[in-house]
Amino acid sequence: MNSTPEETSLMEYMKYVGKAFLLLVMLVANQACNNKEQVIPESELLNLQALMMEKIRAAVLTADPDSDFATIMQLSNEISITIANKELQSGRSARMQAVAREVISGLKAENEEIEKLLKTHQGTLAIPEFREKILLNIERAEKSVQLQTGKGNIDKDFATIMILQNQGAIENVHLQTVYGTHLPLKTYGRAVTEKRDLQNRYLQSWLLGIENPD
């Protein structure tokens, strides 16, 4: 039975639609594969950060502002180093990986400096208010990380976590400045504030696309 011109036209149209649909499916599948290469499970960095935060909460704090500040800074630096190592393993941004390398080398050096400074400190103060405030800083930082990260893009999550870690460090420095008495730690704190603020400006620019060509 011969088809009418209208039926033939309809069949050709259906073939075209079928091919177009198949092409669309292939494109979507290919994009999904590419996305898998660019992201990690959204909870991975959060899990790392949460595990490290547990270490801080488990730390023995004496209520001495200087020694507690040093303890918290060392543990916070370890968190940042852990996150930076994950960025080196799974990140795709050359700029963020460069930041990660700077974080690792810089914070390892900081922790060594803190150890040296602590040897010159004799803890005599006990100010519970300081301990309460620094633990509150930590709690706020953890909540901020949970709210602002977890989209699956490790480079952006890394940048965001580093910004929040740096802000937390600056706030802790302020508390030590107010409550602490150890002058070498105050000098260390001023240097930390300057470095972390500078790094945050760069990271914020990268997140906004101003310094984000990769």
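- Using modelled atom types, one finds a donor on one side chain and an acceptor on the other under 3.5 Å when comparing R190 with T187.
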Evaluation steps, side-chain contact (heavy atoms from CB on, under 4.5 Å), between L164 and Q167: CA-CA 5 Å; L164 295 171; Q167 287 175 345; 3.5 Å; yes
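- By the rule that hydrophobic residues join a cluster once side-chain heavy atoms approach within less than 4.5 Å of another member, I170 and V192 end up as members of separate clusters.
- Using a 4.5 Å cut-off on side-chain heavy atoms (C-beta onward), L207 and I163 make contact.
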side-chain contact (heavy atoms from CB on, under 4.5 Å) between F69 and L175, intermediate numbers included: CA-CA 8 Å; F69 166 73; L175 286 176; over 6 Å; no
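- Between S67 and T62, the closest heavy-atom pair is OG-OG1, 3.2 Å.
- The closest side-chain heavy-atom distance from T120 to H182 is below 4.5 Å.
- Of the residues L136, N137, N166, the one that meets the side-chain contact (heavy atoms from CB on, under 4.5 Å) test with E171 is N137.
- Here the closest non-hydrogen pair linking R92 and E87 is N-OE2, 4.4 Å.
- Here the closest heavy-atom approach between residue D155 and residue G91 is recorded as OD1-CA, 3.3 Å.
- Nearest heavy-atom pair, V173 versus G189, reported as atom, atom and distance to 0.1 Å: CG1-O, 3.5 Å.
- Linking ILVMFWY residues whenever their side-chain heavy atoms come closer than 4.5 Å, directly or via other members, places L88 and I161 in the same cluster.
- Here the shortest heavy-atom pairing between A159 and L203 reads O-CD1, 3.9 Å.
- Of all non-hydrogen atoms in G180 and K186, the two that sit nearest each other are O-NZ, 3.0 Å.
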